[in-house]
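Beneath this line is the structure, given in structure tokens, with notes to follow.
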Amino acid sequence: MRPDTPAAHTTEAERLLRTAAQYPGDREPLYLQAAAHLELAGDRQAATALYDTLLSSSPTSPLLIRSLKAANLWEYGHEAEARAIIEGVRSARPTDAAPWEIAAETLEAHDELEAAEKTLTEAAALLVTSAELPHATQSLLTTRHRIRRMLALPHDDWDDQADLLHTADVPLDELHDPKRLWSLGSEDPAELQAEITRLRSELGTYRTALSRPFPVAVLHWPEPELDELLTAYPELEAEYPTYRAHLTDIEASLRELAQAGTPNLGIVRATVPSYEAFAASESTHPSNADLLPQYATTLAARGRATGWPPARGEGCWCGSGNAYGECHGREVQE
């Protein structure tokens, strides 16, 4: 169960920091999750201290961390510093969508709609280079669509692209209609039910790439690792009859989850030494098949998941060296 009180968020942050001490190679994603829980607990100064600790140690995503720090600072009175950080992030022109979107949503949260729209337009000009977009860039276009709708700006090509990418039943123009906010105060049951439908649609799409939940992750054993696993623990052959079947099952499982509406899907790469260490930490034997999904969840929680699906032009997750669209990204053959 997710924590829902300040004390529970503080406890979860402490647990994540202890985990980071055990797994220093995963410190950055664990610290970011801990900082998010500290923000939810209201301990924004402690969250800022974690962001500063990360920034002092050559992180892999410094602009993302700076954007998160700016959002946090503005919430407890450090507006000037937050604005300066946001300008620095914009000047650095991140090649990732997440820093841009966090910076823009921080501006939006403080009624700086024009500045937010300008930030997202700069990002779109840099990142939208083809019809096949990563999920984070799609999310950025959706956020830009919403803010432009609030500013009563006419649709442009990127708004049209956001409309095409949106797959929920409620169209983006309706979802982002500022007038719908008035329906929240209505006493008409039909209007309230319509608003509930819209909110449910928005819940499934809004900030999916930035919400930082653990992804629903599927284990991928590279072929040498799978051979080693089955040699050591033949009891697991029922789970993995062949390597080819293993790869097919991964893609089929992820497609089934996606069709069911499960967001934030990912793949985690397994290794035998890591799996054996996890089994030991759980005081059980690696041949226990029930341990496999727990192992996948733990790897995902440590920031080891790779998002699925890759864009068609990107390499396939299986490691074949082929583009995803020409490998497991092809339509499943009957």
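The shown structure was predicted, so the numbers you read here are calculated from the model rather than taken from an experiment. Numbers here simply count residues along the sequence, with the first being 1.
Taking the six-membered ring where the residue is Trp, Trp308 and Tyr324 present perpendicular rings, their angle passing 60° and hence far from 30°. The aromatic rings of His246 and Tyr243 sit tilted relative to each other, their planes meeting at an angle between 30° and 60°.
Taking Tyr23 as the reference, nothing meets the ring-ring contact (aromatic ring centres under 6.0 Å, His included) condition, with sequence neighbours excluded.
Sorted by first and then second residue, the pairs that involve residues 224-236 and meet side-chain hydrogen bond (donor to acceptor under 3.5 Å, both in side chains), not counting sequence neighbours, are Tyr233-Glu276.
Between the side chains of Arg27 and Ser57, at least one donor N or O lies within less than 3.5 Å of an accepting N or O. Side-chain contact annotation: Glu251 with Trp317, donor-acceptor N/O pair under 3.5 Å present. No donor-acceptor contact under 3.5 angstrom links the side chains of His328 and Asn322, judged on distance only. Ser91 and Glu87 share no donor-acceptor pair across their side chains, judged by distance under 3.5 Å alone.
Using a 4.0 Å cut-off between a side-chain N of Lys or Arg and a carboxylate O of Asp or Glu, Glu112 and Arg83 qualify as a salt bridge. Taking a cutoff of 4.0 Å between a charged side-chain nitrogen and a carboxylate oxygen, Asp249 and Arg244 do not qualify as a salt bridge. For the pair Asp159 and Arg149, the salt-bridge criterion is not met [side-chain N within less than 4.0 Å of a carboxylate O].
Using modelled atom types, no side-chain atom of Ser320 and backbone atom of Cys316 make a donor-acceptor pair closer than 3.5 Å.
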